[in-house]
Amino acid sequence: MSPLARARRIAAWVLATRGQLALTAAATIVAVVVVGLLFAWSGVYNIAASRGHLAITDWILRFGMENSVKAHAPDEALPEGQDEDRVRLGAGHYHAGCAYCHGAPGTPVSPVAAKMLPPPPNLKDKVGGWKDGELFWIVKHGLKYAGMPAFPSLERDDEIWAVVAFLRLLPQLDRAAYRELALGEVEPERASGAEIAESGDDQDAIGACARCHGNGEGPTSRLVPLLHGQPAAMIENALRDYAAGLRDSGIMQTAATDLTDGAIRKLAAHYAGLPRPEIEPERADPETLARGEKLAREGDRSRGVPACLSCHDEQAIPTFPRLAGQSSRYTEGQLAAWRAGLNGRSPTGRIMAPIGRRLTAEQARDLAAYFASVTPAGQPRR
């Protein structure tokens, strides 16, 4: 029999029996569903996390998880070379949001987290097996069956990439190097026995603002704003907006959520009263600075952009931040968030969001460069 004749014969058989095949398939599906429901109803399967999965169940879950991540992850990668600003920002969030479950150099995984099913892995041994885009996807979306949460603010890809940048460096860090990146000038081990008894040990200054924003000194990352000398009212409002989810930042929402109203007032007053640290003004080409200064002082009527200094100079009302001396990377990043439609739900955000959307990318860069070149009031001039 020729191949063509054989194909016709098979096709005729399928057509003749398709009703029977469909009925058989439907009956099989119903039977599987009924058996599954009876199995679940019986309670025979032990769901206790203390017992762990069957080996085949664990293999299927891991196999499915790994392939799902690879299928959904973006192809993007971190730029070549180490970006210290990104690494330090990512280290701060890892310490506050990830270290409890995954541990850190010199600090083991919490015994409570270690009893999760599956237990959170020590990431020093795992990150090398994933591409940058895959790590990004895992940090952003979490993992269902593992109980790993999604990033608190899914819109802030810039913050998620900062965590990925830190994870790439994590396998190389010892305890001292990790603490220098994650804690900065915070030294929680100085706590007395009474302080440890009342508030816990150095595990690990989880909510300490100084880890990222500095205290005696300024921020260690140029992606973090300088709070020293900013108006207390502005800092208070920002913390309350982050805690209420009105501003988009997975890092700041994590830090602000557990703060009491009294703690917010004290923090705001503390940073408002700090002297401005000596920071070298950033340099940029004269044309960029001239465009930025003109926009800051006069705005752009053709695009409906008011003069920035009408709200952000040293004499403005205290609910708005002072921008002089902020790093260009931070200011440009914040303007990018406005331009992307983020941070528009708070009272001040509803004012700034439409203005931010009217700025071009070049205008945002010019403004950021200009403000970074200005020595803020209260900072000694070099």
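Position 1 is the first residue of the sequence; numbering continues from there.
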Note, Glu362 side chain near Arg291 side chain (heavy atom, < 4.5 Å): yes
Name the orientation class of the two ring planes belonging to His228 and Tyr271 (parallel below 30°, tilted from 30 to 60°, perpendicular beyond 60°). perpendicular
Rounded to the nearest 0.5 Å, the OG1 atom of Thr260 sits from the NZ atom of Lys266 at a distance of 7.5 Å
Tell me if a side-chain donor or acceptor on His141 pairs with a main-chain N or O of Trp137 at a distance below 3.5 Å. no
Would the distance check show the side chain of His102 and the main-chain N or O of Val109 forming a donor-acceptor pair, the cut-off being under 3.5 Å? no
Does any N or O in the side chain of Thr257 come within less than 3.5 Å of the main-chain N or O of Thr254, such that one atom is a donor and the other an acceptor? no
Within a reach of under 6.0 Å around CG of Asp285, are more than 12 heavy atoms found that belong to other residues, nucleotides or ligands? yes
Closer than 3.5 angstrom, by distance alone: can the side chain of Thr107 be matched with the main-chain N or O of Gly103 as a donor-acceptor pair? no
So, for Ala256 and Ala243, which heavy atoms are closest and what is the spacing to 0.1 Å? O-CB, 3.6 Å
Note, Phe63 side chain near Ile60 side chain (heavy atom, < 4.5 Å): no
Over 12 non-hydrogen atoms of neighbours within 6.0 angstrom of CG in Asp75: no
Rounded to the nearest 0.5 angstrom, the CD-CG distance for Glu155 and Asp157 is 9.0 Å
Where is the tightest heavy-atom contact between Pro79 and Arg86, given as atom of each residue plus distance? CD-NH1, 3.6 Å
How about Phe371 and Leu367: do any of their side-chain heavy atoms sit closer than 4.5 Å? yes
Do side-chain atoms of Thr331 reach the backbone of Ser328 as a donor and acceptor pair under 3.5 angstrom? no
Determine whether Arg62 and Tyr145 make a side-chain contact, defined as any pair of heavy atoms from C-beta on separated by less than 4.5 Å. yes
Arg297 side, atom CZ; Leu295 side, atom CG - distance, nearest 0.5 Å: 12.0 Å
Derivation of the side-chain contact (heavy atoms from CB on, under 4.5 Å) call for Asn215 and His270: CA-CA 9 Å; Asn215 192 27; His270 171 72; 2.7 Å; yes
If the plane angle is over 60° it's perpendicular, under 30° parallel, otherwise tilted; pick one for Tyr94 and Tyr178. perpendicular
Give, for atom CZ of Arg156 and atom CH2 of Trp161, the distance between the pair rounded to the nearest 0.5 Å. 15.5 Å
To the nearest 0.5 Å, what is the distance between CZ (Arg339) and CD (Glu332)? 8.5 Å
Using the rule given for side-chain contact (heavy atoms from CB on, under 4.5 Å), can you reason through Trp130 versus Val69, listing the C-alpha separation, both sets of side-chain angles and the distance that settles it, and then say yes or no? CA-CA 10 Å; Trp130 297 102; Val69 171; 3.6 Å; yes
Please check this pair: side chain of Gln363 against backbone of Thr360, looking for a donor-acceptor N/O pair closer than 3.5 Å. yes
Please name the pair of heavy atoms, one in Arg168 and one in Leu78, separated by the smallest distance, quoted to 0.1 Å. CG-CD1, 3.9 Å
Is the closest basic N to carboxylate O distance between Asp85 and Arg222 below 4.0 Å? yes
Could you measure the distance from the CH2 atom of Trp338 to the CZ atom of Arg358? Nearest 0.5 Å is fine. 13.0 Å
What pair of heavy atoms forms the shortest contact from Pro225 to His213, and how long is it? O-ND1, 3.1 Å
Take atom NZ of Lys131 as the centre, draw a 6.0 Å sphere, and report whether it contains more than 12 heavy atoms from other residues, nucleotides or ligands. no
Looking at Glu159 and Gly250, would you say the former's side chain and the latter's main chain have a donor-acceptor pair under 3.5 Å? yes
Decide yes or no on side-chain contact (heavy atoms from CB on, under 4.5 Å) for Arg283 and Glu280, but give the supporting numbers first. CA-CA 9 Å; Arg283 300 179 184 276; Glu280 183 73 35; 4.2 Å; yes
Quick one: does Val374's side chain get under 4.5 Å of Pro281's, heavy atoms only? no
Close side-chain approach of Leu169 and Leu181, heavy atoms under 4.5 Å: yes
Are the side chains of Pro231 and Arg322 in touch, meaning some heavy atoms are under 4.5 Å apart? yes
Does Tyr242 belong to the same Ile/Leu/Val/Met/Phe/Trp/Tyr cluster as Val224, with side-chain heavy atoms less than 4.5 Å apart forming each link? no
Name every donor-acceptor pair, under 3.5 Å, that has one atom in a side chain of residues 341-350 and the other anywhere in the protein, sequence neighbours excluded.
| from | atom 1 | to | atom 2 | distance (Å) |
| --- | --- | --- | --- | --- |
| Asn343 | OD1 | Asp248 | N | 2.7 |
| Arg345 | NH1 | Asp248 | OD1 | 3.4 |
| Arg345 | NH1 | Asp248 | OD2 | 3.3 |
| Arg345 | NH2 | Gly245 | O | 2.7 |
| Arg345 | NH2 | Asp248 | OD1 | 3.0 |
| Ser346 | OG | Gly349 | N | 3.0 |
| Arg350 | NH1 | Arg345 | O | 2.7 |

Side-chain cluster (under 4.5 Å, hydrophobic types only) that Val34 belongs to, other residues: Val30, Leu38
Which atom pair, heavy atoms only, marks the closest approach of Gly92 to Cys212? CA-SG, 4.1 Å
Minimum heavy-atom distance Pro171-Val127, with the two atoms named: CG-CG2, 3.5 Å
Quick check: do Glu236 and Leu267 have side-chain heavy atoms less than 4.5 Å from each other? no
